[in-house]
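Step one of this worksheet: look at the structure below.
A note on names: the letters A, B, ... follow the listed sequences, proteins ahead of strands, and every chain is numbered from 1.
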2 protein chains.
Amino acid sequence: MVSEPVKTIERTRIYDVAAAAGVSVATASRALNDTGRMTEQTRERVKQVAAQLGFRPNTMARGLLGKRSFTIGLLTNDTYGRFTLPLMAGVSEALVDRGVSVFLCTIEDDAALAKVHVDALLDKQVDGIIASGRRVDRRLPVDLSNLPVPVVYAFTEGPDDSVTFISDDEQGSREAVQWLVSRGRRRIVHITGPESFASVQVRAQAYRTVVGEQAEIHHGEWSEAWGHEAVARLWSGADTPPDGIFCGNDQIARGVVDALRERGVTVPDDVSVVGFDNWEIVAAATRPPLTSVDMNLRELGREAGLTILALAEGKEVAPGIRRLPCQLVLRQSG
Amino acid sequence: MVSEPVKTIERTRIYDVAAAAGVSVATASRALNDTGRMTEQTRERVKQVAAQLGFRPNTMARGLLGKRSFTIGLLTNDTYGRFTLPLMAGVSEALVDRGVSVFLCTIEDDAALAKVHVDALLDKQVDGIIASGRRVDRRLPVDLSNLPVPVVYAFTEGPDDSVTFISDDEQGSREAVQWLVSRGRRRIVHITGPESFASVQVRAQAYRTVVGEQAEIHHGEWSEAWGHEAVARLWSGADTPPDGIFCGNDQIARGVVDALRERGVTVPDDVSVVGFDNWEIVAAATRPPLTSVDMNLRELGREAGLTILALAEGKEVAPGIRRLPCQLVLRQSG
DNA sequence: TTGAAAGCGCTAACAT
DNA sequence: ATGTTAGCGCTTTCAA
């Protein structure tokens with residue numbers, strides 16, 4: 001497309017609306033914003049004219065008055081987008097009807113880049129910032145605590161007095177293990193990621209709570225390969241192999257299921273397997289498809305979006321950590 | 001975080017800078033924007049003072065002058081983000097140093113939602129819009145051809161006179177098949193997705209060009225399951241099974257590799273397999289890891305970003321389809 | 001109930 | 001080379 005030197009499409013301004021409706025701009029503004037007092041008739045007429053002319057207020061002008069810009073920033077260091085995208089979808093979904101658009105800023109553990117992005121956001125007078133990440137127990141490489149705009153944290157660690165949204169991994173894990181128990185599984189082991197992850201600790205603890213004494217936790221990498229290896233170990237030892245496996249994430253679970261099939265162990269008849277994350281691409285492609293814990297990130301995003309909006313509008317929001325429930329998605333592996 | 005009723009953090013305005021530097025706002029503005037004529041000394045002094053005071057120009061005010069808003073919109077219907085995220089990363093990377101932030105708008109094949117997003121973008125006076133999608137041969141459910149801002153298309157079909165960026169699937173496929181040939185593979189088949197996809201056509205045609213007469217193309221779904229099924233068919237028929245397989249995407253390739261391993265066919269010793277997309281999560285987890293064609297979406301995003309910027313600055317850009325080269329990423333399957 | 005006018009922070013045309 | 005000033009489109013006092 002050759003650039004259009006003559007942008008003939010002149011936007012209708014509030015002046016045009018006022019003129020067409022036979023009122024002053026002040027009245028027009030009040031009518032359109034449902035403020036001030038005036039005859040319902042005038043208000044209606046102005047609104048009608050505005051609609052007819054396809055009037056859309058200029059956000060820049062509005063923003064210049066020190067009011068809201070109807071934009072927010074979503075900061076994330078989750079390059080892969082595995083967690084960010086569902087979150088973003090939720091945020092966007094919650095805000096788009098209210099005319100708020102979302103700047104997505106991917107900072108890859110790079111403090112300098114993060115600062116550049118945050119500064120750019122502040123220059124644009126965003127109404128708020130949602131900080132997000134790929135690890136619940138890590139902070140973004142940038143300090144957001146003294147910004148002139150509200151900040152909420154989603155799926156990443158924030159300061160003590162911040163509003164933080166995370167999924168309730170404890171509840172999700174508990175339900176997953178309880179599900180295995182309810183299916184008659186008696187020897188349930190937990191194959192999960194590195195101990196250093198907070199989410200590993202929480203999920204393991206929930207598992208322990210349900211199975212009690214017999215708890216048996218195997219730590220490794222977050223990979224399919226580790227799932228294979230763990231199965232090899234469990235089935236080559238002297239102990240009776242488990243009949244139920246709760247995995248720390250879907251990749252491990254897929255490795256486990258594949259390894260079991262290769263050994264001639266039938267899932268879920270001989271062994272039930274449950275994953276975590278409900279990462280469609282992994283869970284659905286596994287044979288049989290994985291039963292998995294979904295963190296409801298979209299819903300989490302919705303909540304975060306609504307909260308940042310409330311803060312932007314000056315409402316009070318109590319600080320603290322909000323844990324949103326996970327949901328066990330049943331497929332065929334467990 | 002309790003909302004801060006007193007936003008005490010007053011931003012320094014250009015007036016403050018001007019006063020502190022002992023010049024007028026006009027001079028300050030010119031100095032900071034490297035326009036107008038003045039002693040290098042004055043310019044330097046103003047810049048220094050501005051830096052000292054941490055001055056950041058208010059984008060709203062700037063945008064109100066009918067100039068640029070330093071924002072662009074990225075529209076996509078790729079909910080999963082498989083294609084959009086690398087693209088977005090490239091766009092962002094190209095623009096962030098120039099102070100441009102990106103609104104990400106996910107419209108899910110919903111025309112009404114698309115319109116809401118586009119209107120919101122126009123209200124915010126975006127400098128341009130990049131339209132993107134999950135299918136190269138489908139248009140977004142919204143007409144962007146008469147917008148008051150420039151539009152470029154990336155990884156989605158645009159009008160004839162538009163600037164469109166897509167990956168050179170023909171070249172990528174050709175290199176993939178030629179690689180198989182160079183590895184001494186003599187009977188190479190192509191297992192790919194539904195015929196209705198333009199990318200399937202292009203990749204198949206490239207494959208045909210290289211292997212000539214012996215071309216053998218199997219269409220199915222874009223799934224691992226189809227990879228399994230295709231292998232079952234090829235190895236159960238009367239014909240000699242292939243020694244090289246070029247797959248339409250990584251999921252099919254993974255299915256193929258898994259199926260071969262289950263049959264005791266060794267990859268890559270007996271059969272070489274090459275995928276398409278280089279989707280890390282799939283390609284790296286396959287045993288052995290997949291050699292695959294990468295569409296360089298990040299680079300594509302960079303180009304699209306730079307182009308929309310050029311258009312926003314009023315530069316002329318010739319319309320047409322730009323095909324950016326793919327790259328064969330060697331792992332171990334081929 | 002409605003209107004006139006000031007002003008948000010910046011840039012650019014027009015002085016000097 | 002630098003300063004004065006008029007707006008950009010809107011909201012919001014203040015006045016009528």
What nucleotide, of dT12(D), dG9(D), dT11(C), holds the atom closest to the side chain of Leu64(A)? dG9(D)
Counting only N and O atoms by type, is there a donor-acceptor contact under 3.5 Å from the side chain of Asp16(B) to the main-chain atoms of Ala20(B)? no
According to a strict under-4.0 Å criterion, is Arg62(A) in side-chain N/O contact with OP1 or OP2 of dC10(D)? no
If you pin Ala28(B) and Ala61(B) to their nearest nucleotides in DNA chain D, which one's is more 5'? Ala28(B)
5' precedence on DNA chain C between Tyr15(A) and Val23(A) (nearest-nucleotide basis): Val23(A)
Near-strand residues of residues 31-52 of chain B, defined as heavy-atom separation under 4.0 angstrom from DNA chain D: Arg37(B), Met38(B), Thr39(B), Thr42(B)
On a heavy-atom basis, the closest approach of Pro325(A) and Asp168(A) is CA-CB, 4.2 Å
N/O donor-acceptor pair, side chain Arg56(A) with base dG9(D), under 3.5 angstrom: no
At under 4.0 Å between heavy atoms, what does Leu65(B) touch on the DNA or RNA strands: base, sugar-phosphate, or nothing? base
Closest listed nucleotide, where the reference is the side chain of Ile14(B) and the choices are dC10(C), dA4(C), dG3(D): dC10(C)
Atom-to-atom span, CD of Gln125(A) to P of dG9(C) - whole angstrom: 9 Å
Residues Ala154(B) and Leu87(B): closest non-hydrogen pair is CB-CD2, 4.0 Å
Using whole Å, what does the distance between atom P of nucleotide dG9(C) and atom CZ of Arg68(B) come to? 22 Å
Can you tell me the distance, in whole Å, between the CE atom of Met60(B) and the C1' atom of dT11(C)? 17 Å
To the nearest Å, give me how far apart NZ (Lys124(A)) and P (dG9(C)) are. 18 Å
Separation between CD of Glu108(A) and CG of Leu113(A), rounded to the nearest 0.5 Å: 6.5 Å
Among dG3(D), dT11(C), dT11(D), the nucleotide that comes nearest once only the side chain of Ser24(B) is considered: dG3(D)
Just checking, is any N or O donor in the side chain of Asp143(A) or Ser145(A) under 3.5 Å from an acceptor N or O on the other one? yes
Side-chain donor-acceptor pair present, Lys124(A), Ser101(B), cut-off under 3.5 Å: yes
Qualifying residue, where the test is salt bridge (charged side-chain N to carboxylate O under 4.0 Å, His left out) with Asp109(A) and the options are Arg139(A), Arg134(A), Arg138(A): Arg134(A)
Can you check the Arg30(A) CZ to dC10(D) C1' distance for me, whole Å? 13 Å
Does Thr27(B) make a side-chain N or O approach to OP1 or OP2 of dG3(D) shorter than 4.0 Å? yes
